[in-house]
Amino acid sequence: MESVATVSVVSLWLPILIAAVLVFLTSWVIHMLLPYHRSDFLGLPSEDEVMEALRKYRIPPGDYVMPHAADAKARQSEEFIEKTKQGPIAMLTVMKGFAIGTSLLQWFVYCIVVGVFAGYLAGRAVPAGGDYLEVFQFAGTSAFLGYSMALLQNSIWYKRSWGATFKSVFDGLIYALLTAGVFGWLWP
């Protein structure tokens, strides 16, 4: 079996960084200028009253479910089953505030991490001087996995709208294609 000379992730710092910047800017355009994500979340009926009712409990930041059962035995209790029948069943994320700068920084770091993994996988499969399309395929597939596939779990387990999930998966496809293009273009 012939050994393939690998391309180190360190030598891919430029495509990793450029791809991250391109994905970051594209995601800004998608979420700020294009209208298709505006329906991802619905407003609650009587939002002010619901917020006021929750405010008095001073719920700490975290992820919550109601009704809640601590274990499998509790989920089988008549009380839990009745609460489930009566509803509403809800999952709630409570935040202390929303610091957009922190979220943007975390998103940019995530874009770099996806680029590192895309570069790592492509670098193990395609030697230096490799074919653009081959680099594109490896980097694009791994970037798509990083940007999109785990999103499906939110609809499967947490009942997030499939429409919102598929829109985000589509965004991930765009991000993956950009990442793949940059890697193919700047491959050593």
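What you see is a predicted model; the values in this text were computed from it and never measured.
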Over all atoms of both residues, closest heavy-atom pair of [X] and [Y]:
{"X": "Pro188", "Y": "Val7", "value": "CG-CG1, 3.7 Å"}
{"X": "Val23", "Y": "Cys111", "value": "CG1-SG, 3.6 Å"}
{"X": "Phe80", "Y": "Ala74", "value": "CB-O, 3.2 Å"}
{"X": "Leu151", "Y": "Thr165", "value": "O-CG2, 3.6 Å"}
{"X": "Ser142", "Y": "Ala118", "value": "OG-CA, 3.1 Å"}
{"X": "Tyr147", "Y": "Gly172", "value": "CB-CA, 3.7 Å"}

Counting neighbours of [atom1] on [X] that are heavy atoms of other residues, nucleotides or ligands and sit closer than 6.0 Å, is the number greater than 12?
{"X": "Arg55", "atom1": "CZ", "answer": "yes"}
{"X": "Phe136", "atom1": "CZ", "answer": "yes"}
{"X": "Phe24", "atom1": "CZ", "answer": "yes"}
{"X": "Glu82", "atom1": "CD", "answer": "yes"}
{"X": "Tyr64", "atom1": "OH", "answer": "yes"}

Quick one: does any side-chain atom of [X] pair with a main-chain N or O of [Y] as donor and acceptor, under 3.5 Å?
{"X": "Ser46", "Y": "Glu49", "result": "no"}
{"X": "Arg160", "Y": "Leu152", "result": "no"}
{"X": "Thr141", "Y": "Phe138", "result": "no"}
{"X": "Trp28", "Y": "Leu33", "result": "no"}

For the residue pair His37 and His31, does the interplanar ring angle fall in the parallel (under 30°), tilted (30 to 60°) or perpendicular (over 60°) class?
parallel
Min side-chain heavy-atom separation [X]-[Y] under 4.5 Å:
{"X": "Val116", "Y": "Ile112", "result": "yes"}
{"X": "Ile89", "Y": "Met66", "result": "no"}
{"X": "Pro67", "Y": "Gln86", "result": "no"}
{"X": "Phe117", "Y": "Leu145", "result": "no"}
{"X": "Lys96", "Y": "Pro61", "result": "yes"}
{"X": "Thr26", "Y": "Ile174", "result": "yes"}

Answer with yes or no whether the hydrophobic clustering places [X] together with [Y]; edges join I, L, V, M, F, W, Y residues whose side-chain heavy atoms lie under 4.5 Å apart.
{"X": "Leu25", "Y": "Leu17", "value": "yes"}
{"X": "Val113", "Y": "Leu22", "value": "no"}
{"X": "Leu121", "Y": "Phe183", "value": "yes"}
{"X": "Leu105", "Y": "Val114", "value": "no"}
{"X": "Phe98", "Y": "Leu44", "value": "no"}

Partners meeting side chain to side chain donor-acceptor pair (under 3.5 Å) with Ser148 (sequence neighbours left out):
none
Which value, rounded to the nearest 0.5 Å, describes the distance between Gln137 atom CD and Asp131 atom CG?
8.0 Å
Tell me, with the steps shown, if Trp13 and Ile18 meet side chain to side chain contact (heavy atoms under 4.5 Å, CB included).
CA-CA 9 Å; Trp13 68 269; Ile18 290 175; over 6 Å; no
Residues at least two apart in sequence or cross-chain that pass ring-ring contact (aromatic ring centres under 6.0 Å, His included) with Trp162, listed by chain then number, are Phe166
For Tyr158 and Asp63, which I'm curious about, is there any donor-acceptor pair between the side chains at under 3.5 Å?
no
Do Tyr175 and Trp107 make the cut of ring centroids closer than 6.0 angstrom?
yes
